[in-house]
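Worksheet: one structure, shown below.
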Amino acid sequence: MPNAPTAPGWPGHPGQPLWPGQGQIPGQPGWPSQNPPYVAPSGSLSVPYSLDLPNGIYDKMLITINGQVTLNAKMFTVDFLKGNDIAFHFNPRFNEAGNQVIVRNHKAGDRWGKEERAIQTMFPFMRGAPFEMKILCTSNDFKVAINNVQILEFKHRVPELSKINRISVYNDVILTSVRAETLP
Ligand code: GAL
């Protein structure tokens with residue numbers, strides 16, 4: 001299976017840019033000096049965690065989340081919020097009737113939309129394991145990569161990107177950092 005990603009370690013993509021405008025693995029030489037992140041907390045963040053995005057989201061905005069799945073995790077969640085609505089709900093579940101699945105959806109008012117469940121790779125998370133999640137916003141979709149491998153895209157269902165102004169992370173995850181920046 002030469003193309004199948006395996007966790008952890010992600011062989012096969014050393015030093016290659018993930019997306020256009022993106023550099024290499026953070027912390028390695030070659031990571032470009034992008035526009036300075038306007039939020040760059042570090043150390044352990046308390047969960048539930050919330051980050052305001054004063055300008056909403058926009059094309060080429062990159063969110064990087066470093067964290068670790070708890071040892072006994074049932075699930076964790078990353079939501080992009082527009083007020084009380086959820087523009088993008090990203091919800092890895094570690095045991096849904098014995099299966100691991102990443103459920104994506106949106107919620108308007110009290111109504112959930114249609115779930116998306118297929119991914120382009122194997123389930124990339126492991127209980128107890130650290131991960132890096134990158135969410136690239138484009139004008140069409142969110143692109144999500146875990147450990148530098150893209151796993152899925154989620155087409156925008158809430159079109160007013162500038163009003164998607166908060167990220168919330170919760171459930172069974174330890175958070176090290178969350179940062180937002182703009183790719184060149
Ligand atoms: C529901 C669950 C919500 C949310 C939603 C996504 O079953 O209760 O928290 O994950 O699925 O479609």
Side-chain angles (χ1 to χ4, degrees), residues 5 7-8 19 39 41 44-53 56-59 61-180:
W19 292 308
V39 179
S44 207
L45 304 174
S46 60
V47 174
Y49 174 81
S50 190
L51 173 66
D52 285 329
L53 307 172
I57 67 165
Y58 46 84
D59 186 35
M61 182 182 207
L62 178 68
I63 311 288
T64 304
I65 299 174
N66 282 90
Q68 186 171 342
V69 181
T70 64
L71 273 176
N72 54 356
K74 290 191 185 129
M75 63 167 65
F76 76 90
T77 306
V78 178
D79 284 343
F80 283 75
L81 297 154
K82 179 193 161 220
N84 292 324
D85 288 355
I86 306 176
F88 178 33
H89 172 77
F90 177 94
N91 178 220
R93 300 179 185 178
F94 290 83
N95 183 359
E96 188 191 64
N99 296 311
Q100 299 179 311
V101 60
I102 304 178
V103 175
R104 291 90 66 194
N105 209 338
H106 86 293
K107 190 181 181 188
D110 282 334
R111 295 180 67 94
W112 285 103
K114 186 171 159 34
E115 292 185 347
E116 296 179 29
R117 289 169 163 259
I119 60 174
Q120 298 159 6
T121 64
M122 290 166 36
F123 185 82
F125 298 105
M126 259 184 353
R127 286 184 172 132
F131 63 86
E132 180 173 75
M133 174 170 175
K134 289 182 198 241
I135 305 150
L136 177 66
C137 308
T138 76
S139 33
N140 297 319
D141 58 14
F142 295 93
K143 300 185 194 300
V144 178
I146 307 300
N147 300 335
N148 239 29
V149 176
Q150 181 171 314
I151 59 161
L152 61 90
E153 294 164 357
F154 184 84
K155 270 204 190 350
H156 292 307
R157 299 180 185 181
V158 171
E160 306 132 294
L161 302 189
S162 65
K163 295 191 174 154
I164 299 173
N165 56 7
R166 197 153 56 92
I167 299 175
S168 176
V169 182
Y170 52 99
N171 300 132
D172 310 323
V173 65
I174 296 159
L175 270 190
T176 311
S177 66
V178 179
R179 63 180 194 272

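Atoms within a ligand are numbered from 1 in the order they appear, just like the ligands themselves. We use all heavy atoms of the structure for the numbers below, so side chains are in, but hydrogens, waters and symmetry mates are not.
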- [ ] Give me the ring orientation class for Phe131 and Phe76: parallel if the planes are under 30° apart, tilted from 30 to 60°, perpendicular past 60°.
- [x]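 Parallel.
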Open item on the list: Is the ring pair Phe80/Phe88 parallel, tilted or perpendicular, if the boundaries are 30 and 60 degrees?
Closed with: parallel
Open item on the list: Within the 4.5 Å heavy-atom criterion, are Asp85 and Val158 side-chain neighbours or not?
Closed with: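 The answer is no; the side chains never approach within 4.5 Å.
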Open item on the list: Within the 4.5 Å heavy-atom criterion, are Ser44 and Ile174 side-chain neighbours or not?
Closed with: yes
TODO: Check each protein residue for a heavy atom under 4.0 Å from ligand 1 and list those that pass, ordered by chain and number.
DONE: His89, Asn91, Arg93, Val103, Asn105, Trp112, Glu115
Open item on the list: Quiz question: by atom type and distance under 3.5 Å, do the side chains of Arg93 and Asn99 form a donor-acceptor pair?
Closed with: no
TODO: Take Leu53 and Ile164, measure what side-chain contact (heavy atoms from CB on, under 4.5 Å) needs, and give me the verdict at the end.
DONE: CA-CA 8 Å; Leu53 307 172; Ile164 299 173; 5.6 Å; no
